[in-house]
Amino acid sequence: MRLRSVGVALAAMAALLALPAPRPATAAELPLSQGRTATSSSDENAGTPAADAVDGDTGTRWSSAAADPQWLQVDLGTTATISKVVLDWETAYGKDYKIQASTDGSTWTDLTSVTGGDGGTDSLDVSGQGRYVRMYGIHRGTQWGYSLWEFQVFGASGTGTSSCDPANAAQGRPATASSTENAGTPASAAFDGDTGTRWSSQASDPQWVRVDLGSVRNLCRVDLTWEAAYAKEFQIQASTDGQNWTTLRSVTGASGGTASYDVSGSGRYVRINGTVRATGYGYSLWEVAVHTGSGGSTPPVQGGGDLGPNVIVVDPGTPGLQQKFDDVFAKQESAQFGTGRYQFLLKPGTYNGINAQIGFYTSISGLGLNPDDTQINGDVTVDAGWFNGNATQNFWRSAENLAIRPSNGTDRWAVAQAAPFRRIHVQGGLNLAPNGYGWASGGYIADSKIDGTVGPYSQQQWYTRDSSVGGWTNGVWNMTFTGVQGAPATNFDSGPYTTLDTTPVSREKPFLYLDGNTYKVFVPAKRTNARGVSWPANAGTSLPLDQFYVVKPGATAATINQALSQGLNLLFTPGIYHLDQTIDVTRPDTVVLGLGLATLVPDNGIDAMHVADVDGVRLAGFLIDAGSVNSDTLLRIGPPGASADHSADPTTMQDVFVRIGGAGPGLATNSVVVNSDDVVIDHTWLWRADHGSGVGWDTNRADYGLRVNGDDVLATGLFVEHFNKYDVLWSGERGRTIFFQNEKAYDAPNAAAITHDGIVGYAAYKVADTVTQHEAWGLGSYCNYTADPSIVQAHGFQVPVTAGVRLHDVLVISLGGKGQYAHVVNDTGAPTSGTDTVPSKLTTFP
């Protein structure tokens with residue numbers, strides 16, 4: 001509690017004595033902000049949350065981390081007319097800061113700026129409207145963070161008598177145009193709130209400029225500020241999808257300058273479509289402002305809430321706990337292409353005598369901040385009894401953030417692709433093979449500690465990252481380790497091991513945990529040259545659940561995009577989500593996290609998800625399942641031509657899986673396209689189905705698995721299989737891949753169908769001829785040409801021959817003689833032979 005000086009108190013008393021006799025007392029004005037939902041960029045600790053700055057108690061406070069910038073935001077619940085903001089600073093005050101308002105929590109308008117602040121109480125008269133109000137701290141007044149006893153917003157709820165919000169819903173939103181005169185007059189300049197910058201087009205008719213408001217809004221007015229090159233005739237148009245347009249207003253005989261047009265309609269996209277120019281130049285707009293009906297066309301999406309029907313939260317005292325695991329396993333054990341999706345969340349504590357058998361689309365996670373907070377004295381088991389002891393189809397399941405003391409000393413995790421084992425402490429050994437040591441084709445471990453020995457036995461390949469093991473015994477073809485304490489030494493010339501001492505760049509997957517009784521998502525920090533587990537140090541940040549739209553089955557893509565436009569993150573609960581719009585992630589550091597293999601299905605040929613060229617987006621823990629109408633790209637990270645530097649805060653893609661076919665016909669030209677620089681792809685399986693429903697050379701056609709156009713992209717744990725053309729096509733500079741597993745398409749009908757440029761077969765991994773620097777370690781491609789076993793593929797890998805392109809520990813294998821490889825890389829390396837299923841290897845290339 002602060003002590004105010006005696007001198008200040010005496011001066012205040014003298015002033016009171018000089019006042020006229022008081023009038024009858026009236027109730028103090030209650031702030032609009034009091035008791036409302038508050039969020040912040042950071043909290044110093046759990047005892048100084050954002051909520052304490054709006055609770056009406058001057059003895060509690062919010063305080064931030066000791067860094068610039070920081071912000072505190074309050075949601076007033078509805079759009080309000082704001083007249084005053086009062087800040088009661090603790091000793092750690094803001095020297096330079098802004099008060100900002102927003103209608104959507106994403107686009108902000110400055111109400112006032114304070115420079116040279118000296119703490120104490122700041123009472124600021126302002127004028128503006130918004131649902132969200134925030135203090136945006138630029139420079140701290142002390143070496144500590146920002147700290148407020150109270151943050152009070154005063155005004156009137158609602159927007160008064162006007163039904164048209166004066167705020168500009170288009171400011172700062174993504175913009176595009178039919179053309180630009182030059183690089184200095186981009187479309188975005190017409191929506192940046194700066195009347196000194198402009199968009200201008202080429203000198204021809206027609207031309208247009210458009211803005212994406214982020215969600216469908218009621219539209220009531222559009223303001224245009226023309227430069228000298230104006231439109232004589234134009235239309236103001238709106239669209240919900242950016243393709244089909246409705247004309248809201250046609251204008252003829254316009255005279256330029258500044259003009260406002262009342263409109264009536266709704267749309268996510270607004271376009272100014274010029275049809276007749278007034279001059280010999282193009283069209284040129286200083287500013288376009290779009291105004292929406294009060295509160296927009298739909299109520300704001302609320303963050304937080306329950307986790308939905310398919311999340312099973314338990315504690316050690318939950319009655320019938322073993323039965324809960326058994327009931328889900330009975331449904332999911334063999335449901336390879338079923339619709340069930342389940343997530344078990346285990347509260348911290350000790351669980352005795354449990355055997356959690358994990359089937360398809362089932363995840364098990366602890367809710368502690370550290371794995372050892374959730375102790376299982378028992379087993380978390382994956383076996384292959386459902387498939388006669390063959391574990392090669394044990395896909396789509398996961399375990400995370402637990403400690404396991406196996407009942408017989410060794411836990412069994414016999415999985416194939418898309419089955420991550422993350423952040424686990426095994427207090428014993430780990431067996432990666434099924435009972436009976438049948439076939440197995442996995443797999444991935446990260447950020448885990450296995451006290452005993454890991455036995456892969458029949459596992460064909462495996463990647464382990466940033467972990468520690470008590471030992472590792474044998475392996476079949478390709479066992480790759482980076483940053484693993486206790487890993488075996490490289491012996492690829494005579495055995496299966498490739499070992500790097502550290503991982504160059506890594507950042508662990510975000511995860512849900514309980515802080516007391518409050519759900520939060522922990523977002524780990526980036527590590528460089530990492531070795532060993534990230535816990536219990538746990539560098540990173542925590543985000544409260546009310547900063548997430550908790551997506552439940554039945555949610556629409558429009559609502560999901562509205563939540564993103566409001567500044568919310570996404571937490572997909574287990575379920576299948578059909579999308580009729582592309583999910584657009586445009587805000588830096590957005591988290592998109594799935595539970596229980598939540599599955600996104602794009603309908604009618606749309607792309608499932610686009611990520612803007614921004615810093616630090618985290619994509620994790622979900623499956624994209626191609627729809628029956630061809631999509632161009634299921635997941636696109638960065639638009640074409642993206643070039644921003646994200647090295648300090650890269651976008652990460654972790655445990656994000658793609659499937660084309662298998663659950664029914666699916667079509668997609670590209671599975672994943674990475675245009676942004678510095679992206680980290682940490683464990684993915686991109687799979688054009690070779691079995692299941694809707695499988696055939698053209699029935700589930702998908703030409704490319706992964707296309708990388710961005711520079712400095714790193715892939716750790718890359719599984720890509722069965723695509724009609726290149727499984728991986730890498731065109732960006734300075735790319736790196738650590739561990740690659742591939743099978744070529746089984747169903748190629750004949751050699752002619754896959755012959756191109758005089759080459760039989762598309763390489764599993766092609767580095768474009770234009771690339772001058774690329775490096776990769778631990779790469780394997782297998783062929784199993786069951787439709788035509790006579791196919792001889794020219795090579796598994798194709799790269800330019802230059803000093804800057806280097807491959808280490810590369811192999812190709814013919815599975816049982818169903819097709820062959822003539823070479824390993826380009827025209828180098830011995831051919832595979834016969835039915836021996838023996839790899840042909842190169843330890844280095846060139």
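Computed from heavy atoms alone, side chains included, the values below leave out hydrogens, waters and symmetry copies. Note that this is a predicted model, so its numbers are computed, not measured.
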Specify the closest pair of heavy atoms between [X] and [Y], including all atoms of both residues, with the distance to one decimal.
X	Y	result
A53	L148	CB-O, 4.0 Å
T60	D52	OG1-O, 3.3 Å
A563	V301	CB-CG1, 3.8 Å
Y269	D584	OH-OD2, 4.4 Å
Q152	P31	NE2-CG, 3.6 Å

Contacts of F572 that satisfy ring pair (Phe, Tyr, Trp, His ring centres under 6.0 Å) - sequence neighbours left out: Y577

Is it the case that the side chains of [Y] and [X] hold a donor-acceptor pair, with the cut-off being a distance below 3.5 Å and no angle test?
X	Y	value
D68	Y146	yes
T115	D96	no
D645	S647	yes

Ionic contact status for [Y] with [X], cut-off 4.0 Å:
X	Y	result
D223	R221	yes
K526	D649	no
R422	D447	no

Under 3.5 Å donor-acceptor, E44 side chain and S64 backbone: no

Any donor-acceptor N/O pair, N569 side chain to V591 backbone, under 3.5 Å: yes

